[in-house]
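The structure under discussion appears below in the form of structure tokens.
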Amino acid sequence: MRRRSFLAGLAAAGAAAGVRPVGAATATPSARFPDGFVWGCSTSSYQIEGAAQADGRGPSIWDTFSRTPGKVARGETGDVACDHYNRWPEDLDLMARAGMRAYRFSIAWPRVLPEGTGAVNTRGLDFYDRLVDGMLARGIAPWACLYHWDLPQALQDRGGWGSRDIAGWFADYALVVAARLGDRVRHWAMLNEPSVVSIFGHGLGGHAPGLTGRASCMAALHHQNLAQGTALKAMRAAGSNWRLGTVLSLQPTWPAAGGGPEDRKAAALWDAVWNRACLDPLLLGGYPDLLAADFAPLLRPGDLEAIRQPIDFLGVNYYSRMHQRIDPGGLVGTGFGSAPEGTRHTGMGWPVEPDGLVEQLLELRERYGNPEVYVTENGASYQDAPGRDGRVEDSERIAFIRGHLDAAARAIAQGANLKGWFVWTLLDNFEWAEGYGPRFGLVEVDRQTLERRPKASYDWYAAAVRANAAPPG
Ligand code: GCO
């Protein structure tokens, strides 16, 4: 099942509940951010780079998956994507022109190590070398993420995230990249959204590598945690003044609207799988009790110590709350239900719930020791319609981002340790199993010509960056 097809159900539920689409931003006072607040954007390699066969890059699990009939909408692939591999100077110019001072990008493991381990492909590293130099030349700080889902297919063939060996493979790869770029890249994120990789890639089968089942999901979770800890420790030992962290998808989980007491249990269980199975071992040293039976067969002596490594920052990807109900046919016996009546939804049917971000950031303060946090993804897909002059006037996206920035400012006022914001995302791009249908970009990408055209949200975000505040829409 595709990640999005779950969520499409929410759109229908929203329509049934008579929800209104998001309108233009209301003119409430600007939320200001503390001095030094970091402003940027996030992207990921497979979603934008293209050049899938260029310069010795090996195949990734997303190349395989997107070529498997029925897995990606319209049979689309990341072969060309936004051709960022060749057009990166233009993309960095767009960031610089908007005043962004930080850019979270990801490194494609199969460009660096086509077989996943062993021989290093220098030409692959050369690309990131040019990219990093390009950022620095424009005053943009590189924030490198080492894994945003494009695992070398060669490693999948050896068990992928289902194998404990991946902890060592990943740490070795991290050190290869850091040895080449670490003189200029200070911020390093180990993984992007291990829960999504586990749940959608290894539990429900809607993402690469398309595996299913609760056991495979939990194994992928544990091995990602282990790989993350092993790489953190190896990089910490390699020294230098790196700031090391990781990026999690954190979405507070509520019982579905109209649910009963069983749905409260469903929400607690889903919270354990989606949020706590990543947060707890990293920051508290153990897995949630609700999942003890799942992790017992996977845990070996020393694993929990290996996973609990100090981090300098935590990246939070926040989109909405999740509303859960009991569903005996679901991966862990739960399923997605509706948000409360009256909730607005994005063009993809995701509930618009900025208050959930406040809730999440305060939970990090109260339960997890208030780590230094950056929102490393937040944004929305809407049916962007060009106006008469051809420019996309995406007032709904502006309202969405503004609402979440307001929420962030409220959370900071209540003690959240939030230090920066990376909007998702710069360019309309390959949205995984949904292909090029959804559009999350501040910049429209013409699918025929690949021409970049800034939307109204691009100018609005640039104004926010310059003002260090969320201006009215
Ligand atoms: C994720 C990823 C991004 C997505 C974005 C919109 O959360 O799925 O980190 O790659 O494109 O979140 O869905």
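Whatever order the structure lists ligands and atoms in, that order sets their numbers, starting from 1.
Applying the side-chain hydrogen bond (donor to acceptor under 3.5 Å, both in side chains) criterion to T425, with sequence neighbours excluded, gives no partner residue.
When non-hydrogen atoms are compared, ligand 1 lies under 4.0 Å from neither the backbone nor the side chain of N429. Within the 4.0 Å heavy-atom criterion, the part of W350 lying near ligand 1 is the side chain and not the backbone.
Side-chain atoms of N317 come within 3.5 Å of backbone N or O of E377 as a donor-acceptor pair.
For ligand 1, the polar-atom distance check against H148 finds a nitrogen or oxygen pair separated by under 3.5 Å. At under 3.5 Å, not a single nitrogen or oxygen of W149, backbone or side chain, sits near a nitrogen or oxygen of ligand 1.
Comparing heavy-atom distances from atom 12 (O) of ligand 1 across W424, Y319, Y318 singles out Y319 as nearest.
Taking every non-hydrogen atom of F440 and a distance limit under 4.0 Å, the qualifying atoms of ligand 1 come out as 6 (C), 13 (O).
Classification of R344 and E353 as a salt-bridged pair fails, no side-chain N sitting under 4.0 Å from a carboxylate O.
Contact check for T376 versus V247: side-chain heavy atoms found under the 4.5 Å cut-off.
Judged purely by distance below 3.5 Å, without hydrogens or angles, the side chains of D63 and Q153 never pair a donor atom with an acceptor atom.
At least one heavy atom of N192 sits less than 4.0 Å from an atom of ligand 1.
The ring of W109 has its center closer than 6.0 angstrom to the ring center of F170.
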